[in-house]
Undergrad: 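Dumping the structure here so I can ask a few things about it.
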Amino acid sequence: MCAKPSETKSLPTDQDQTIQIPLIKSLKKFDVIIGEYYERKEVEYKTDADDAGLFLQFCNEEEFNDDEDDIKAEFNEDDPLECSYILFINYKDVDFPFDPPLTGNPTIDDKKLAFHKFLRYIYIHGRHPSILTDPDLIDFSIFNVSSDESKIESTRKKYESQCPTICQQLQNGANELNMMMGLAIGSENNNIPFLQYLC
């Protein structure tokens with residue numbers, strides 16, 4: 001159920017921070033990323049003659065507006081179970097490959113809540129969450145970037161242009177090298193937020 005525009009609230013992150021610019025702004029993009037997720041899980045993701053995957057087929061049949069404001073409203077619902085997109089769990093013969101799998105005997109609401117969390121992650125981060133949990137998606141050899149000065153240097157140049165003040169304050173210290181190594185690991189692994197998960 002969409003919230004009315006006047007009732008739309010700010011979308012919090014898992015750390016209760018406000019998301020100003022979510023990365024996903026179309027249902028088609030959701031569909032593409034879900035398709036990539038299915039491929040990684042080695043599960044067939046059925047597409048139609050127009051190359052629409054299951055999720056987009058569902059959205060089209062439900063006549064959801066592929067509109068940035070409508071998508072934002074869906075994720076601003078106070079109750080995740082009010083989000084219309086989670087009804088995808090009941091669509092046709094969908095057996096969504098949760099990662100990690102749901103344990104016990106999950107109810108339909110359990111599945112809807114888990115799928116909402118999955119979609120919300122895509123909405124905020126622009127990628128599916130298994131990039132952080134599936135070993136097949138991470139190049140562990142990159143964790144030894146200290147021996148590859150070219151990767152560290154290319155990362156340093158990128159962030160010097162984006163964050164010159166911070167880089168200048170860190171310049172030539174042990175903390176600067178550690179920071180650049182962490183950023184390089186993230187950059188070389190599909191831009192995962194590596195430093196964020198060191199805490």
Side-chain angles (χ1 to χ4, degrees), residues 1-14 19-102 106-139 186-193:
M1 180 184 299
C2 279
K4 297 178 182 178
S6 60
E7 297 174 345
T8 299
K9 302 181 179 68
S10 296
L11 178 72
T13 66
D14 294 334
I19 292 297
Q20 301 294 342
I21 309 177
L23 295 182
I24 303 301
K25 301 179 181 181
S26 76
L27 297 175
K28 174 62 176 176
K29 186 61 176 177
F30 272 106
D31 190 55
V32 170
I33 295 175
I34 293 172
E36 293 170 354
Y37 173 80
Y38 267 69
E39 182 178 1
R40 289 292 185 179
K41 302 302 295 179
E42 298 183 350
V43 177
E44 181 184 8
Y45 191 60
K46 298 177 182 178
T47 57
D48 62 15
D50 297 320
D51 203 32
L54 278 173
F55 182 73
L56 190 57
Q57 293 173 43
F58 159 74
C59 292
N60 290 339
E61 288 184 20
E62 295 293 328
E63 298 183 346
F64 294 147
N65 291 327
D66 195 0
D67 176 82
E68 181 180 346
D69 289 336
D70 283 354
I71 294 172
K72 181 178 180 180
E74 289 289 348
F75 287 101
N76 277 329
E77 292 285 0
D78 292 330
D79 182 357
L81 292 175
E82 291 295 312
C83 175
S84 301
Y85 304 144
I86 63 175
L87 298 177
F88 173 70
I89 290 297
N90 295 331
Y91 181 65
K92 292 186 177 179
D93 56 351
V94 167
D95 184 13
F96 190 79
F98 289 105
D99 180 19
L102 301 183
T107 66
I108 188 63
D109 281 354
D110 291 333
K111 294 179 180 180
K112 287 178 179 178
L113 288 171
F115 187 62
H116 181 273
K117 183 177 181 180
F118 173 84
L119 286 181
R120 187 174 179 277
Y121 187 98
I122 293 176
Y123 178 61
I124 295 171
H125 298 283
R127 61 178 182 273
H128 58 75
S130 67
I131 191 70
L132 302 175
T133 60
D134 191 337
D136 292 338
L137 301 183
I138 299 177
D139 181 2
S187 295
E188 295 295 322
N189 279 288
N190 199 29
N191 293 314
I192 64 172

Undergrad: To the nearest 0.5 Å, how far apart are CZ in Phe118 and CZ in Phe96?
TA: 3.5 Å

Undergrad: Taking only residues two or more places apart in sequence, or in another chain, which ones meet Asp79 in a side chain to side chain contact (heavy atoms under 4.5 Å, CB included)?
TA: Leu81, Glu82

Undergrad: Just to verify, what does Asp110 make a side chain to side chain donor-acceptor pair (under 3.5 Å) with, not counting sequence neighbours?
TA: Thr107

Undergrad: Donor-acceptor check, side chain of Glu74 to backbone of Ser84, threshold 3.5 angstrom: yes or no?
TA: yes

Undergrad: Under the side chain to side chain contact (heavy atoms under 4.5 Å, CB included) rule, collect the residues that match up with Asp67, sequence neighbours excluded.
TA: Asn65, Asp69, Asp70

Undergrad: What pair of heavy atoms forms the shortest contact from Ile108 to Ile89, and how long is it?
TA: CD1-CG2, 3.5 Å

Undergrad: Among residues at least two apart in sequence or on other chains, which ones pass salt bridge (charged side-chain N to carboxylate O under 4.0 Å, His left out) with Asp93?
TA: Lys46

Undergrad: Looking at side-chain heavy atoms only, is the closest gap between Leu119 and Phe75 below 4.5 Å?
TA: yes

Undergrad: I'd like to check the side chain to side chain contact (heavy atoms under 4.5 Å, CB included) partners of Glu68; sequence neighbours left out, ordered by chain and number.
TA: Lys25

Undergrad: Among all residues two or more places apart in sequence or in another chain, which pass the salt bridge (charged side-chain N to carboxylate O under 4.0 Å, His left out) test with Glu63?
TA: none

Undergrad: Which atom names give the shortest non-hydrogen contact between Asn90 and Lys112, and what distance separates them?
TA: ND2-CE, 3.7 Å

Undergrad: Please give me the minimum heavy-atom distance between Leu102 and Ala114, naming the atom from each residue.
TA: CD2-CB, 3.9 Å

Undergrad: Give me the atom names and distance for the closest heavy-atom approach of Asp31 to Gly53.
TA: OD2-N, 2.7 Å

Undergrad: Between Asp66 and Ser26, is there a donor-acceptor pair closer than 3.5 Å when you use the side chain of the first and the backbone of the second?
TA: no

Undergrad: State the CD-CG distance between Glu62 and Leu87, to the nearest 0.5 angstrom.
TA: 6.5 Å

Undergrad: So, Asn60 side chain and Leu56 main chain: donor-acceptor pair closer than 3.5 Å or not?
TA: yes

Undergrad: Less than 6.0 angstrom separating the ring centers of Tyr45 and Tyr37, yes or no?
TA: no

Undergrad: Got a sec, which residues hit side chain to side chain contact (heavy atoms under 4.5 Å, CB included) with Asp51, two or more places apart in sequence or on another chain?
TA: Thr47

Undergrad: Considering residues, nucleotides and ligands other than Glu39, do more than 12 of their heavy atoms fall under 6.0 Å from its CD?
TA: no

Undergrad: Just to verify, what does Phe88 make a ring-ring contact (aromatic ring centres under 6.0 Å, His included) with, not counting sequence neighbours?
TA: Phe55, Phe58, Phe115

Undergrad: So, for Ile86 and His116, which heavy atoms are closest and what is the spacing to 0.1 Å?
TA: CG2-CB, 3.5 Å

Undergrad: Can you tell me how far the CD1 atom of Ile122 sits from the CD1 atom of Ile34, to the nearest 0.5 Å?
TA: 5.0 Å

Undergrad: Side chain to side chain donor-acceptor pair (under 3.5 Å) with Glu61: which residues, sequence neighbours excluded?
TA: Tyr91

Undergrad: Return the CG to SG distance between Leu54 and Cys59, rounded to the nearest 0.5 Å.
TA: 11.0 Å

Undergrad: Counting only N and O atoms by type, is there a donor-acceptor contact under 3.5 Å from the side chain of Asp50 to the main-chain atoms of Ala52?
TA: no

